[in-house]
Amino acid sequence: MEYNFTDIEKKWQKYWEENKTFRTPEYLTNPKKCYVLDMYPYPSGAGLHVGHPEGYTATDIFSRYKRMKGFNVLHPMGWDAFGLPAEQYAIQTGTHPSVTTKNNCDTFRRQIKELGLSYDWEREINTTDPKYYKWTQWIFIKLYNTWFDEKLQKGRPISEFIIPEEIKKQGKKEVTKYIDSKRLAYYDNAQVWWCPSCRIVCANEEVLFDGSHEKCGNKVEKKNLKQWMLRIPLYAERLLSGIDNVDWPEGIKDMQRNWIGRSTGAEVDFAVEGLNQKLTVFTTRPDTLFGATYMVIAPEHSLTVTITTDERRKDVNDYIKAASLKSDLDRTDLAKEKTGVFTGRYAINPVNHKKLQIWVADYVLTGYGTGAIMAVPAHDTRDFEFAKKFDLPVVCIQDPDVSDHNQKERILKGEECWTEDGTYINSSDMATGIDINGLNKETGIAKIISWLESTNLGREKVNYKLRDWLFSRQRYWGEPFPVIHWEDGEISLIDEKELPLELPQLEKYLPGESGESPLANATEWLTVTDNSGRRGRRETNTMPQWAGSCWYYLRYIDPHNDKLIFDTAKEKYWMPVDLYIGGAEHAVLHLLYSRFWHMVLFDLGIVSTDEPYKKLFNQGMILAFAYENEAGGKVAADIIEERDGKFYNSETGMEVRQIVAKMSKSLKNVVNPDDVVLRYGADSLRLYEMFMGPLDVTKPWDDKGVKGVFNFLGRTYRFFSNPGNIVAADENPEILKGLHQAIKKVEGDIENLRFNTAISAMMIFLNLAMKKGKVTKETVNIFTKILSPFAPHIAEELWQQQGHARTLAYEPWPVVNETYLKEDTFEYPVSFNGKLRFKIELPVNMGKEEIARIVLADERAQKWLSTGKMSDIIVVPNRIVNIVVKN
RNA sequence: GCCCGGAUGGUGGAAUGGUAGACACGCAGGACUUAAAAUCCUGUGACCAUAACGGUUGUGCGGGUUCAAGUCCCGCUCCGGGUACCA
């Protein structure tokens with residue numbers, strides 16, 4: 001029988017749909033549960049990409065396998081459908097984003113269904129559905145009404161917050177202000193990039209090096225806009241320590257650790273000469289205080305204006321203005337020369353009372369530490385560079401451990417920077433009584449910190465790179481904030497009972513001139529009046545795309561519940577997610593944000609686990625072949641001709657080079673899954689995606705490679721569907737052995753997500769079966785089962801041909817019978833000095849001495865023994881024999 | 001700069017410190033066919049050599065540990081990803 005994959009696949013997709021084969025079990029008594037999650041896609045207009053089925057096939061194989069192992073499996077799919085492309089399409093064409101979104105989701109759903117993925121479609125979610133974002137808004141209200149108790153390291157309801165008496169005395173306004181300063185969500189001024197021509201706020205990533213907007217090329221400017229922010233840094237310690245307890249790739253864990261960026265050091269207060277102000281710096285090296293020779297504050301620092309003397313005011317103001325026009329990329333480009341201006345003011349070094357010039361420079365950032373630093377040019381390259389440029393003093397305080405005498409001299413004189421560790425010199429002061437000369441780094445830091453704390457001039461301090469999360473966007477196509485700004489300045493959140501606050505219909509989607517979101521045009525929706533006649537205006541910003549994806553895994557658990565975010569018992573049963581697969585591009589932001597929300601929900605008792613994703617795995621990117629000419633210019637893949645293993649540009653006849661690159665429209669090397677399904681079928685596409693290589697590595701798509709797995713499926717089908725190949729007899733022991741080896745290998749490989757070698761194990765078995773020519777019905781049944789997670793359509797068809805009436809999706813996974821795998825003999829490789837010379841078959845239970853005796857007596861051994869004197873013989877039972885011969 | 005990966009035939013890739021190159025593509029030869037496709041069979045790291053055997057060499061480079069290294073250790077080179085005046 002020919003392998004007619006199109007008919008087979010259509011038939012079984014229809015069967016699964018009609019029989020609701022993959023509906024999630026509702027009885028939650030089975031202690032074996034498995035929640036298998038994909039990173040849901042943004043349904044773009046371009047349709048599915050071959051990168052999508054990679055992760056989806058992996059989770060599908062895992063889900064199907066777990067069902068056969070007797071697990072209750074939750075395996076859902078949905079759409080991350082808010083986002084910019086639909087909104088921009090609306091601006092251009094007037095089509096409402098919900099229309100565009102619906103069409104795109106329909107395309108994605110059709111494409112995904114054609115891959116035979118075993119999702120429970122009754123649990124499909126869509127972040128743009130008001131029934132979904134009702135709960136996104138609900139969580140926002142929870143965040144707003146939560147404060148972080150630093151002592152307990154735990155989020156708590158704002159109602160439990162105790163307001164200090166001295167604040168209460170200052171009146172209602174101050175109390176509100178104080179409470180707001182503790183909420184996890186707050187509303188404040190923030191600097192954002194604004195493109196005046198597009199009238200849109202740009203993400204940092206959208207601003208090019210020269211300060212222009214990548215979409216239109218016009219200059220962007222910084223704008224101060226009131227924004228919603230989330231205090232994620234309060235959870236920094238929890239987010240950091242939680243990483244240790246999850247089964248994630250080490251690389252991703254490291255990326256999260258780096259992003260959180262914990263560093264320990266001290267805050268040190270410097271008196272400012274002539275002002276009743278102190279300037280506080282954060283440093284990881286308080287031990288180098290004696291080497292501090294000047295100070296630098298960021299242009300945006302709150303004290304910059306106060307510190308600057310009148311004589312220096314004009315220069316400083318000019319500098320601040322210039323810095324504000326620079327893009328962040330521009331400012332942080334290390335290759336650029338450092339700039340800065342002197343404020344005219346001096347600070348006093350607490351360890352030795354020396355006067356230090358205070359400068360303003362944009363290499364110091366407002367957002368990190370205190371926005372001010374003490375500069376130690378002798379031992380920090382950035383400070384050294386700055387000091388040399390502006391002729392500031394350099395004092396060496398660490399004895400450089402270098403053998404080159406001249407270099408040592410230069411370092412000691414402050415002519416060269418020394419960034420390694422060394423014992424301290426020049427680090428004592430009689431007047432202040434502190435002395436760390438001769439100490440090493442550890443003891444030096446400890447001594448200085450305890451001195452600072454005893455004199456109340458500083459304190460030990462932990463700092464994080466993690467910043468408050470800017471949580472609003474000036475867009476239409478996002479979740480509206482459930483917030484009202486009243487005319488008297490009060491901010492209130494709408495009642496939970498009034499949720500969802502739906503997006504209003506709009507005629508125009510362009511943002512307002514002032515930087516306001518397009519929602520500012522929705523006049524009727526916008527204005528509200530309370531019972532006492534007070535007027536208010538709704539928040540016009542919307543939430544960022546991250547919001548919906550921060551908690552979607554929770555909604556799958558109980559997606560149609562309109563009373564609760566989810567049923568508690570169901571949440572307890574299914575959480576945490578047992579396996580989460582997606583691209584590494586979400587290593588930091590999405591995974592960090594959703595962990596943060598989850599921890600807050602955990603603290604409030606809404607979820608039962610402190611981490612959402614127990615095991616995480618990142619699929620590698622799928623690249624494609626591309627072509628470039630001698631000069632390195634790219635040539636579109638559709639005009640390439642291959643002759644004798646070489647590649648030519650069919651238009652010019654010139655030879656081109658084959659390279660591997662990301663798939664892109666301009667290179668014309670994008671592979672469309674629909675085409676592959678049409679030519680080879682979904683089972684082949686699934687199998688190839690898994691056979692290409694290990695799941696986590698980047699690998700190039702090669703159309704030729706699909707043929708290999710297609711051949712395998714064709715051979716499988718033709719062999720097993722031919723009744724002439726199936727005999728009613730005892731199974732051949734070699735086939736039994738091969739079959740059970742395959743079960744064992746496939747099972748282990750699925751558990752470890754090593755699908756490429758699982759597939760090759762099945763190929764090996766098929767080759768063996770075809771060589772033998774005949775198999776029993778039992779063998780067909782077992783092989784069909786282990787093939788089914790990978791190629792479910794063909795497996796269902798073969799299963800049915802064997803006379804089974806129902807799907808094999810819930811058939812028990814075959815059990816390995818170790819007795820079939822036992823061997824009587826082992827073929828020992830015999831090597832001399834590590835080099836293989838011959839092989840000899842011996843019983844597996846033979847003793848070492850006897851093996852050595854037989855091997856040495858073998859005539860093939862004589863040739864090698866005669867080359868020198870045997871000094872040793874190593875026998876590793878059932879592994880190898882190695883003989884050491886010396887000349 | 002810093003952090004994390006990686007480098008194995010013509011290609012994608014296999015190898016608990018123990019037979020390097022499983023499996024597959026490609027290629028070559030053969031069978032079937034009027035022919036082609038499809039299918040089936042055989043061979044296939046490189047080099048030397050043979051009637052047959054056989055031998056040498058080989059996992060980015062240079063060292064080391066070991067009876068034994070693709071695998072472990074030290075020092076590099078190149079490629080990929082992340083991140084960045086983070087004090």
Side-chain angles (χ1 to χ4, degrees), chain A residues 2 249-259 261-263 265 281-286 288 296 328-329 331-336 338 361-365 367-376 380-383 385-386 419 463-467 584-585 587-588 618 620-621 623 625 644-645 658 660 687-688 691-694 696-709 711-712 714-715 718 754 756-764 766-767 770-771 827-839 863 871-876 878-885:
Chain A
E2 264 318 294
E250 279 306 316
I252 302 296
K253 289 184 172 190
D254 274 328
M255 281 166 72
Q256 292 225 343
R257 290 189 187 107
N258 290 339
W259 193 264
R262 182 185 206 270
S263 58
V281 303
F282 171 73
T283 173
T284 53
R285 299 297 303 272
T288 60
V296 186
D328 271 7
L329 284 168
R331 254 178 85 160
T332 56
D333 185 358
L334 273 167
K336 292 244 168 80
K338 302 229 180 319
D362 63 9
Y363 81 89
V364 174
L365 309 171
Y368 185 76
T370 61
I373 62 156
M374 62 177 208
V376 184
D380 180 290
T381 47
R382 288 161 305 164
D383 296 345
E385 201 186 310
F386 192 86
T419 55
N463 222 322
Y464 302 94
K465 283 190 212 173
L466 191 63
R467 319 274 174 91
E585 66 272 21
V588 176
N618 295 109
M621 212 189 329
L623 306 178
F625 291 122
D644 305 326
Q658 189 180 57
V660 170
L687 223 51
Y688 179 61
F691 189 60
M692 285 168 85
D696 57 345
V697 306
T698 304
K699 43 207 175 279
W701 182 275
D702 185 358
D703 275 328
K704 286 181 197 148
V706 186
K707 247 194 84 179
V709 294
N711 286 345
F712 164 67
R715 280 150 55 91
R718 285 188 299 272
R754 291 152 48 121
N756 54 332
T757 48
I759 293 167
S760 85
M762 291 187 281
M763 288 173 167
I764 291 167
L766 179 69
N767 290 344
M770 287 180 74
K771 204 162 206 166
E827 193 180 36
Y828 279 92
V830 179
S831 57
F832 287 80
N833 296 333
K835 276 188 188 140
L836 175 73
R837 293 307 176 184
F838 63 89
K839 292 177 186 173
K863 178 180 171 188
S871 68
D872 200 1
I873 176 164
I874 291 105
V875 178
V876 186
N878 299 315
R879 180 96 24 201
I880 202 166
V881 176
N882 189 26
I883 297 158
V884 188
V885 178

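For the numbers below, each heavy atom of this structure counts, side chains included, while hydrogens, waters and symmetry mates do not. We name chains A, B, ... by the order of the sequence lines, and we start the count at 1 in each one.
The side-chain heavy atoms of A:D872 and A:N882, taken from C-beta on, include no pair separated by under 4.5 Å. Residues A:M763 and A:V709 form a side-chain contact, since some pair of their non-hydrogen atoms from C-beta on lies under 4.5 Å apart. Side-chain contact check for A:L623 versus A:W701: every heavy-atom pair is 4.5 Å or farther apart.
Counting non-hydrogen atoms under 4.0 angstrom, A:G251 reaches the backbone sugars and phosphates but no base. A:D872 comes within 4.0 angstrom of no nucleic acid atom, judged by non-hydrogen atoms across all strands.
Separating the CZ atom of A:F386 from the P atom of B:rA87 is a distance of 18 Å, rounded to the nearest angstrom. Between A:D254 atom CG and B:rC2 atom C1' the separation is 12 Å, expressed in whole Å. B:rG12 atom C1' lies 13 Å from atom CG of A:L623, rounded to whole Å. Rounded to whole angstrom, the span from the CD atom of A:E385 across to the C1' atom of B:rA87 amounts to 15 Å. Put simply, CE on A:M692 is 11 Å from P on B:rG12, counting in whole angstrom units. Regarding A:R382, its CZ atom lies at a distance of 9 Å from the P atom of B:rC85, rounded to whole Å.
Under the side chain to side chain donor-acceptor pair (under 3.5 Å) criterion, A:R837 pairs with no residue, sequence neighbours left out. Applying the ring-ring contact (aromatic ring centres under 6.0 Å, His included) rule to A:F282 yields no partners; only residues at least two apart in sequence or on another chain are considered. Listed by chain and number, the residues in a ring-ring contact (aromatic ring centres under 6.0 Å, His included) with A:F386 are A:Y294, A:W359, A:Y363, A:F390 (sequence neighbours excluded).
A distance of about 13 Å separates the C1' atoms of B:rA14 and B:rU71, rounded to the whole Å. Spacing between B:rU65 and B:rG75 at atom C1', rounded to whole Å, works out to 15 Å. Of the C1' atoms belonging to B:rG9 and B:rG63, the separation is 27 Å, rounded to the nearest Å. Using atom P as the reference point in both B:rA24 and B:rG62, the two lie 34 Å apart (nearest Å). Taking atom C1' on both nucleotides, B:rG21 is separated from B:rA46 by 13 Å, rounded to a whole Å. Distance check on atom P: B:rG70 versus B:rG60 gives 10 Å, rounded to whole Å. Taking the C1' atoms as reference points, B:rA37 lies 12 Å from B:rC32, given to the whole Å. Using C1' as the reference atom, B:rG13 and B:rC25 are 11 Å apart when rounded to the nearest Å.
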Report each atom pair, protein N/O against N/O of nucleotides 50-59 of chain B, whose distance is under 3.5 angstrom.
residue : atom : partner : partner atom : Å
B:rG55  : OP1  : A:K863  : NZ           : 3.4
B:rU56  : OP2  : A:R837  : NH1          : 2.8

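Using a 4.0 Å cut-off between charged side-chain N and carboxylate O, A:K253 and A:E250 make a salt bridge.
Distance check, rounded to the nearest 0.5 Å: CD1 of A:I883 to CD1 of A:I873 gives 4.0 Å. The distance from the CG atom of A:L766 to the CZ atom of A:F712 is 5.5 Å, given to the nearest 0.5 Å.
When every heavy atom of A:R718 is checked against every heavy atom of A:E2, the shortest pair comes out as CD-OE2, 3.6 Å. Across A:S831 and A:I880, no two heavy atoms sit closer than the pair OG-CD1, 4.3 Å.
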Determine, for nucleotides 18-31 of chain B in 5'-to-3' order, which nucleotides have protein heavy atoms under 4.0 Å from the base (write B), from only the sugar-phosphate (write S), or from neither (write -).
-> BB--BBSSS-----

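Comparing B:rC3, B:rG13, B:rA87 by their nearest atom to the side chain of A:K699 picks out B:rG13.
Taking for each of A:R467 and A:M255 the nucleotide of RNA chain B with the nearest heavy atom, the 5'-most of the two is the partner of A:M255. Between A:M770 and A:V884, it is A:M770 whose nearest contact on RNA chain B lies nearer the 5' terminus.
When each of A:D380, A:V364, A:L365 is paired with A:I373, the side chain to side chain contact (heavy atoms under 4.5 Å, CB included) condition holds for A:V364 and for no other.
OP1 and OP2 of B:rG13 both lie 4.0 Å or more from every side-chain N or O belonging to A:R754.
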Paired and unpaired positions of RNA chain B as dot-bracket, Watson-Crick or G-U wobble under 3.5 Å, | denoting a partner strand = (((((((..(((.....[....)))((((((.......))))))((((.....))))..(((((..]....))))))))))))....

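Base orientation of B:rG62: anti (glycosidic angle beyond 90° from 0).
With A:Y828 contributing its side chain and A:N878 its backbone, the two residues share a donor-acceptor pair below 3.5 Å.
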